[in-house]
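Scroll down for the structure; my scribbles are underneath it.
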Amino acid sequence: MTNKLSLVGCKKPYHANYKTILTENELDNLVKQMAKQKEIAVDTETTSASPTRAGLVGISLSFKEGEAYYIPVAHKYLGAPKQPDFKSVLERLKPVLQSPKIKKVGQNIKYDYIVLKRAGLEIKDMNFDTMIASYLLNPIRGEHGLKYLALKHLGYKMLSFQELVGDKRTIAEIEIEKVTGYSCDDADFTLRLKNKFSPLLEKEGLNKIFYELEIPLISVLADMEINGVKVNKKELDYLAEELSENTETLSRQIYGLAGETFNLNSPRQLSDILFEKLKLQSGRKSKTGYYSTSSFVLEGLKDKHPIIANIIEYRNLAKLKDGFVVPLIRAINPKTGRIHTSFHQIGTTTGRLASSGPNLQNIPIRTEKAKEIRKVFTAEKGNFILSADYSQIELRIMAHFSQDKILIRAFNEGKDIHTETAKYLFNIPENKITSHERRKAKAVNFGIIYGISPYGLAQSIGSDEETAKNIIDTYFSTHVQVKQFIDKILADAKGKGFVKTLFGRKREVKNINSDNKTLRLQAEREAINTPIQGTAAEVIKLAMLKIHRKLKEENLKTKMLLQIHDELLFEVPKSEIEQVEKIAKGCMENAVNLSIPLKVAVNIGENWLEAH
DNA sequence: CCTCTTGTG
DNA sequence: AGATGCACAAGAGGC
């Protein structure tokens, strides 16, 4: 069945030959041809956007531009033809898709890898991901979808998923002929984009970071997503119940004090109550004409009216309940009883990972109730949670980049970096430094990495701007090489229009020469922060590759579960704890060789709270 | 779909 | 005069 590309929505049809594989014979011939190829583009069609839940509906393959094949396995609609048997298709494809000698190409191939691995087929020799290539070529957010890339780089308007599926529930209900065109387009244009991007990566000096970091990371992240993390559902249910009772009590009290009921979750309505009705001292109006009710504002009004403390408490508890507890309960996969997040390699402008569905990189920790939530992240019977986190990785990277004498000496001597900074800022001996001064120094250390202003520092240490400015000046006059490092980054960025990480990841800084001061200053802060944050992200990614490889080599049952920017979380059988502790610490501390040592702290416990 | 708010590193 | 610390995800409200 040949489909001469008569697709709806195609402005500039390529003369493609797409074929539906319906018989054993056709499948045989296809596999024979595939076995001769050096590289094959793969795409799967499924029942869900979430790969850890999705069921396979069909697979498309392409190894020559303009030619592609669609193997339907689970289309279900009135009059659907008999399709090749799902299991036997997988068995027939295994020799080629699992061959370490045939390169696999995909668009967001982690998705397909997960779907196929769950079905029992593990893609080998994943070699190219067009989404990641596009991201490395220009790490901006939200412009790396296949449909967008095909239009931008090849001038081809693909059919959108929405246009294909319409009001049907899943792709399984769509006619095989239509899906053949759609899915073959996906595989075909993935291959075309690969051919376009491959030389560009080379030209931009991105080959190393692409082939040696991001591509091998795909299967590591896929395994983490498949693993998922065990949570204690009973405890979550209990927390939800408890938080509901507490928020209801608080809201009743708040309405009593306000003299009327209103929607407490609406900042606008709350603003009217506090600043119009109760006439409390307001701050500036926001863009939309209402006064801010942020925690910063509320904290300042705490003593002015008894309603304030209640609102603060309500906000805290409501956030935990509606922002974490309830969504976590909903996210539990009924089949595995675990929570499977997605990690995104193209989620950030700096090279960090992002997590969603649910986001497991922002689980609360700071308050007592928050700790209760951390506690529900637990391990299977006989296993423990092991957490390994880098100490001060960003400041260490800044020390390496800047070669600052004070920072390098402090890290080489294993000093507490914030205390050390306080020594220089306030010109007092180490044994005289109070927690108060250390706290200020800590704010300065973080501020430097972010490209701070006197106003910003004043806000975070609660001083006036003049004091903050003096502190910043002192920092730069003592940490001479840090100042030089920042000046060099800015000069570089202004000259070239981009900044680079240690491993050569590039980020364009668009407004670095803008006449608009606000935009320019923001670009300058991005230029300072990106090499530091981005390099830290690369260091932990490298460590993850090493750990993943080692766990496999040593045949360990330990599972890598989460990455939270400077922390890795594992689920470890009791018998493997000592070994894994060594592996994690060793791989993380030796991921790269810098002018300063990297330090990793390992903690073990029954749950994430105990292990952190 | 944007704004506000708040959770993390 | 007015803005002024990096990187995110997500829920709620409201248009």
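In what follows, chains are A, B, ... by sequence order, proteins preceding strands, each numbered from 1.
The nearest whole Å value for the distance from the OH atom in A:Tyr450 to the C1' atom in C:dC8 is 11 Å. Taking atom CG on A:Asp566 and atom P on C:dC8, their separation rounds to 17 Å, with Å as the unit. Rounded to an integer number of Å, the gap from A:Gln345 CD to C:dC8 C1' is 16 Å. C:dC6 atom C1' lies 15 Å from atom CG of A:Asn445, rounded to whole Å. At whole-Å resolution of the value, CE in A:Met398 and P in C:dC6 are 16 Å apart. Atom pair A:Glu394:CD and C:dC6:P shows a separation of 13 Å (rounding to whole Å applied). Between A:Leu521 atom CG and C:dG5 atom P there is a gap of 10 Å when expressed in whole angstrom units. Taking atom CD1 of residue A:Ile528 and atom C1' of nucleotide C:dC6, one finds them 10 Å apart after rounding to whole Å.
For the residue pair A:Thr288/A:Ser286, the side-chain donor-acceptor check at 3.5 Å is satisfied. With no hydrogens or angles considered, a side-chain donor-acceptor pair links A:Asp416 and A:Thr419 at under 3.5 Å. Using a 3.5 Å distance cut-off with no hydrogens or angles, the side chains of A:Glu567 and A:Ser387 do pair a donor with an acceptor. Side-chain atoms of A:Thr467 and A:Asp464 form a donor-acceptor pair, as typed in the model, at a separation below 3.5 Å. Between the side chains of A:Ser402 and A:Gln481, not a single donor N or O lies within less than 3.5 Å of an accepting N or O. With no hydrogens or angles considered, a side-chain donor-acceptor pair links A:Glu163 and A:Ser160 at under 3.5 Å. A:His418 and A:Asn445 form a side-chain donor-acceptor contact under 3.5 Å, judged by distance and modelled atom types alone. For the residue pair A:Gln403 / A:Gln484, no side-chain donor-acceptor distance below 3.5 Å is found, with atom types taken as modelled.
Taking every heavy atom of residues 364-376 of chain A and every atom of DNA chain B, pairs under 4.0 Å involve A:Pro364, A:Ile365, A:Arg366, A:Arg374, by number.
In this structure, A:Glu526 reaches the sugar-phosphate backbone alone: every heavy-atom distance under 4.0 Å involves primed, P, OP1 or OP2 atoms, never a base. Here A:Arg520 lies out of heavy-atom contact (under 4.0 Å) with every strand. Residue-level contact check: A:Ile363 touches the backbone only, with heavy atoms under 4.0 Å from sugar-phosphate atoms and none from bases. Base engagement by A:Phe446 is indicated by at least one non-hydrogen atom pair under 4.0 Å involving a base atom.
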Sugar-phosphate or base contact per nucleotide [nucleotides 9-15 of chain C; S, B, -; heavy atom under 4.0 Å]: SSSSSSS

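The gap from the P atom of C:dA3 to that of B:dT5 amounts to 16 Å, rounded to the nearest Å. For C:dT4 and B:dC4, the P atoms lie 12 Å apart once the distance is rounded to whole Å.
Taking CD of A:Glu571 as the start and CZ of A:Arg338 as the end, the distance is 4.0 Å to the nearest 0.5 Å. A distance of 10.5 Å separates CG of A:Asp223 from CE of A:Met544, quoted to the nearest 0.5 Å.
Using a cut-off of 4.0 Å between Lys/Arg side-chain N and Asp/Glu carboxylate O, A:Asp272 and A:Arg268 are scored as not salt-bridged.
Side-chain N/O atoms of A:Arg525 include one lying less than 4.0 angstrom from OP1 or OP2 on C:dC6.
Of all nucleotides in DNA chain B having an atom under 4.0 Å from a heavy atom of chain A, the first and last in 5' to 3' order are B:dT3 to B:dG9.
Two residues, A:Asn529 and A:Lys517, neighbour DNA chain C, and the one matched to the more 5' nucleotide by heavy-atom proximity is A:Lys517.
Under the side chain to side chain contact (heavy atoms under 4.5 Å, CB included) test applied with A:Leu569, the options A:Leu386, A:Asp389, A:Leu360, A:Ile385 reduce to a single match, A:Ile385.
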